Every structure is written in C-alpha cells, then in structure tokens.
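Read the structure below first, then the notes.
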Amino acid sequence: MAMKRKDGRSLTDIRKMEAKVGVIPNADGSAMFKMGDTIAIAAVYGPKHLHPQHMQNPQTGILRCSYDLMSFSVNDRKKPGPSRRSQELSKVTQWALEPAIDLQDFPSTVVDVTIQIIQADAGTRTAGINAASLALAHAGIPMKNLVCSIAIGKLDKDIVVDLDKSEEDFEGGEGPTDFPLAKLANTDQYTLVQLDGKIQPDKVKEVLKLADDACAKIYEIQKNALKEIVEQ
Amino acid sequence: MSIMEPTNISKETLKSMLEKNKRFDGRGSMDFRNVEIELNISNKAEGSARVRLGKTEVLAGIKLAPGNPYPDSLDKGNLMVSGDLTPLASPHFESGPPGFAAIELPRLLDRAIRESGMIDLKKLVIRAGEKVWTVFIDVYPINDDGNLLDVSLIACVVALKKTMIPNLKENDLPDYKTPSKTPLPISEETFPLSFSFFKFGNYLAMDPTREEEEMSDVRINFGISKWNGQYMINSSQKSGSSPFSRAELEKIAEILPQKFDEINERIKNYL
C-alpha cells in the first residue's frame, strides 16, 4: 500500500465525500452526494398515483428510477435525453435500491426517483445510488436499510478503491477495471454488481472486502447527513 | 409456447427439484446445455454463425465498413454491437422501440468482447486519424428458450474467428464481391465466454431456460476470458432486484474458470 495516488490517497482510501439532505424543496425527499469531483443529486416524489394503469401492482407500490448525466457534466457535451447507457444505469440503480424499500402499504402507487449528475468524474452511478438512498429515507419511504455504493477499481495489477476519471483513463498492463457495487448497509447482501475490465476471479473476495470497508464509511456519512436534517 | 406467467405449482416443483440438485430438463444446477455451432450461415456477411444452446438459437453476423474514427480513439477501429429481439423468436418479444432486454443484451456483449481484447482494434486503422474499419456485430435470436446472452456471445466469438476483412477499392470503397484473404486481427489466445446464473430462493443454478428466467428472483452474468495465461473476468451485471450474498458471489467466481475450460473444449471442435 506504499503507492500514493495523484491526489495523495492510499490505494484503499475513498475520495472526500459529502452528503446533504433536503436540497430540492419541492421533492418529498432529496439529497446531494459528492464523491471527490463527482456530484449527484436525487429527488423522490411519491408514493403517488401510477399511470399508465397497466403498470400498477395491486399488491405493492413500485419504484421507478431515472439516472442521467446533465449535458454539461462531462468534457464532450452529452446530448440531452436518455441514452442506452443511461437507460441501463437507471435500471441497475432501481435494482440496487429495491431490496431496501418496502412499498406494500402503498398498493398501485409509484415512487419516482430521479438522479442527475451535475459534475462527472467517475463513479457517477455509485454517487447517484448513495444520493437516492438518502432521498428515499428523507421522503419517509419505509426502508429496511440504507444502500451504500462504491466502485472498486483495478489499475494494472493493483486493486484500488474509488477511482477518479484520470485513474479510470489509465492504459497499459492489465488496464483499468471498474467494479461498481452496492450493498445493504452492514450486511453481506450486494444489490448492485457490475464490472468492466480485466480482473482475476480469485480477486473477487478481496474486492468485496474493500467494498465493505468503503461502504461502512459511506454509511456513516449518510447517517450524519440524515441526523443533520432531523436536528434542524 | 405459452406466454402465461409461471404458475405457483411450477415454482414449488422447481424448488423441490433444486433441493435435490435437479431441474425440469434433467440437468444439475451447474450444467450448461448442449452447444451446437454452424459456421458461415450467410455468405454476404464477413463472418457469421448459428449457435444453439438447448432450444435457444441465435444467429450472429459480422459486417465491416470503412468509417471515421471516434475523436477519443483516433488510432483504433470501431466496434458496434447491436441486437434485435424480433417477434420471430418468442411470443414475449414485440415490434417497436427496444425494450430493456434489447438494450441490455448488446451492451453486455460489447463489454465482454471489448474488454477481453479479443479484437485488436489498433490494427483496424486504414489511415491514422482519418479512416478506420468499423466492425458491426449483429445478433438475432431465432428461438428464445432462455440465456440469450451466453449463447449470443458464443455466436459472436465463433463468427469473429472466421471473419475476413474485405479488400479496398479506390476511394476507400470496400469490395464486398471478391473473396478476401485477410482475416480480422483477433487474438489467438483470448476470447470471452459468458456465464449466466440465477437465484431461486436459496438455490443457485446456471444457464437458465426461459421458464427458469421467469421464475428466478434475480440473475447475474460474468464474461470471462483467458489473457496472458490468466483467467480474467471482463464484464458482469446483476439483473433483477434481489441481492446476492457474499458467499454466492464468491462461489460463482470460483467455478467460472472450470466452466470456461469446459465450454472452450466443446467449442474448439467446431473451429
């Protein structure tokens, strides 16, 4: 762990994180989550009446997530509106959050979660999930747990926690690997698993361990942000 | 084939079978269905294949065309993977704009192929910064009986291994009519395979049929290849909302290399 990173972090350090709850007054719940230079905001509206009717589930309310980058959040302007990438990330975000909430007392309704990235410097889906988890709690949605999310990376042979964009652009050796994960806080249940790169199967154990440590830190930051709003 | 959702009776039955490590089609939980491969199924394509995995059948075709490089990769050819889930293959597929399954499939194929490094995109430059080859991989399911991802990736890989780069005429126009002797620059050693797993209650099994996919609580897939003599996971996605436990993820990671070797052996016979 002697190798230092550009910003002075050790291989297992997360970036500087910041969380704030209640950033969008109109929303039933909202939050901002910052991981280094990546900034995500999330708003929750609902439970509310669901249209179209055929999507309604008479047994439970449903969660609907939408993730996107703001057009100016990246170097080359992103065309506004959904892309295939954002549709995929919206779906995996929904899957990451669903196990944490319980909408059985709100049949036929929907809870809408909208995530926007203001500034993208890698780890946008994980920042979005961290923000959305807080926004759901802020909205008073019945929750079993908070969801904490972090991307574990690999640069050539080194496993590295929470890559920023300059690290993600690394080339050479075994290349860069991005291994985003989310989990129910303080459990061994993983709700988001994605991967892109080159990593030996026998390193999965180590990756999960590092994700656990990072998520424990994120959980504390999330809890503190929620306490702040209660104390106000 | 019925489009009815699986009944509670089938779910109960599957549960009691998985308890004994059995499934409806006689397989054990970690058995991959029989693979059959046919090469060069369309003579207008630069490479093509038909692959069957049990009753699931997929066609993959490779076309090459000269194009402009992307601004962020001027020294590389382009790779584009598309897939179309047409109503031909299943009563579950509908015409019209792509649903989520039709978005997810090509994206997962793209990641597995690209990250494995199977195609040497740097060797697909015609004139640096100006003209490069675009490799179009198109996948068409013909019959969906589950696990389209794993079978589609086999189809892409074997089609790529047989792909030829067309000769170029003047003005950079490709000559699609005269046969080419230039194979696509692909790695001898490296190619990806995908393995999909599903969870049903406390049970874990691989290579789901359509019925098992519908009954499952959640699924996960891993793209794996061999690179510089080492097994490498190149891609993964959990699909569905139930979580996977640490023990389950570690168990899957552990069996991936042996499954890679097993399916690799079976595919080799066709190449």
Side-chain angles (χ1 to χ4, degrees), chain A residues 62-63 65 74-76 82-101 144-145 147 154 157 169 171 173-184 187-209 211-212, chain B residues 70-72 81-82 97-108 110-112 114-117 190 192 195 217-228 230-260:
Chain A
I62 65 163
L63 186 71
C65 292
V74 281
N75 285 335
D76 293 320
S83 62
R84 284 175 177 245
R85 174 181 180 275
S86 73
Q87 287 183 73
E88 181 181 278
L89 294 189
S90 298
K91 199 75 178 181
V92 297
T93 297
Q94 183 185 315
W95 288 331
L97 295 168
E98 267 171 350
I101 60 166
K144 301 166 196 161
N145 210 330
V147 179
K154 181 165 154 284
K157 291 179 173 57
D169 290 339
E171 280 186 53
E174 294 175 11
T177 298
D178 183 26
F179 200 157
L181 293 153
K183 56 180 298 206
L184 298 173
T187 71
D188 70 342
Q189 302 290 313
Y190 298 83
T191 65
L192 169 83
V193 181
Q194 281 189 304
L195 191 155
D196 212 350
K198 282 191 180 71
I199 185 163
Q200 292 80 355
D202 55 15
K203 294 220 165 116
V204 168
K205 217 180 195 138
E206 188 186 342
V207 166
L208 296 180
K209 173 75 180 67
D212 287 356
Chain B
Y70 290 116
D72 61 347
V81 186
S82 312
F100 184 72
I103 292 173
E104 191 184 33
L105 176 68
R107 286 183 60 84
L108 292 172
D110 183 299
R111 299 216 288 263
R114 195 183 294 275
E115 297 296 337
S116 74
T190 302
F195 295 100
D217 303 326
V218 62
R219 288 183 281 149
I220 194 164
N221 63 73
F222 287 87
I224 174 169
S225 61
K226 228 170 169 178
W227 186 84
N228 282 353
Q230 297 182 76
Y231 298 103
M232 290 284 188
I233 302 175
N234 300 119
S235 59
S236 176
Q237 186 142 302
K238 164 181 165 282
S239 304
S241 48
S242 295
F244 278 96
S245 71
R246 182 182 307 133
E248 286 162 343
L249 294 175
E250 287 175 2
K251 182 182 172 189
I252 292 172
E254 204 180 302
I255 59 176
L256 286 173
Q258 68 197 60
K259 283 292 155 190
F260 180 88

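This structure is a prediction, so every number in the text was calculated from the model and none was measured. Residue numbers begin at 1 in each chain, while the letters A, B, ... track the order of the sequences.
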Check: Would you say K209(A) and R246(B) make side-chain contact, with heavy atoms under 4.5 Å?
Finding: no
Margin query: Using a 4.5 angstrom heavy-atom cutoff, name the option from A247(B), S235(B), S245(B), G240(B) with the most pairs to chain A.
Written below: G240(B)
Item checked: Residue among F244(B), F222(B), F100(B) with most heavy-atom pairs under 4.5 Å to chain A -> F100(B)
Margin query: Just so I know, are the side chains of M232(B) and I199(A) near enough to count as touching, which here means a heavy-atom distance under 4.5 Å?
Written below: no
Checklist line | Contact winner vs chain A - E248(B), E104(B), R107(B), heavy-atom pairs under 4.5 Å | finding: R107(B)
Note to self: Is D178(A) close to chain B through its backbone or its side chain, or both, or neither, when contacts mean heavy atoms under 4.5 Å?
What the structure shows: neither
Notebook entry, point to check: Where on I103(B) is there a heavy atom nearer than 4.5 Å to chain A: the side chain, the backbone, both, or neither?
Noted result: both
Checklist line | Between G175(A), P99(A), G197(A), the one whose heavy-atom pairs under 4.5 Å with chain B are most numerous | finding: G197(A)
Next item on the list: Report the residue from I252(B), L249(B), V218(B) that forms a side-chain contact (heavy atoms from CB on, under 4.5 Å) with V193(A).
Entry: L249(B)
Check: Closest approach of A253(B) and P201(A), non-hydrogen atoms and distance?
Finding: O-CB, 3.4 Å
Next item on the list: For residues Y190(A) and P243(B), determine if any side-chain heavy atom of one lies less than 4.5 Å from a side-chain heavy atom of the other.
Entry: no
Check: Sub-3.5 Å donor-acceptor pair from the side chain of K205(A) to the main-chain atoms of E250(B), do we have one?
Finding: no
Check: So which of Q94(A), E88(A), K203(A), K91(A) has the biggest tally of heavy-atom pairs under 4.5 Å with chain B?
Finding: E88(A)
Next item on the list: Report the option among V204(A), D196(A), T177(A) that has the most heavy-atom pairs separated by less than 4.5 Å from atoms of chain B.
Entry: D196(A)
Check: Atom CD1 of I233(B) and atom CG of D202(A): how far apart are they, to the nearest 0.5 Å?
Finding: 9.0 Å
Item checked: For K154(A), all residues meeting side-chain hydrogen bond (donor to acceptor under 3.5 Å, both in side chains), sequence neighbours excluded -> E174(A)
Check: In terms of heavy-atom contacts, does CD of Q230(B) have more than 12 from other residues, nucleotides or ligands at under 6.0 Å?
Finding: yes
Notebook entry, point to check: Are any non-hydrogen side-chain atoms of Q194(A) and R111(B) less than 4.5 angstrom apart?
Noted result: yes
Checklist line | Heavy-atom proximity to chain A below 4.5 Å, by part of S225(B) | finding: neither
Next item on the list: Please round to the nearest 0.5 Å and tell me the distance separating atom NZ of K198(A) and atom CG of N234(B).
Entry: 6.0 Å
Note to self: Please classify the contact between P98(B) and chain A as side chain, backbone, both or neither, with a heavy-atom cut-off of under 4.5 Å.
What the structure shows: side chain
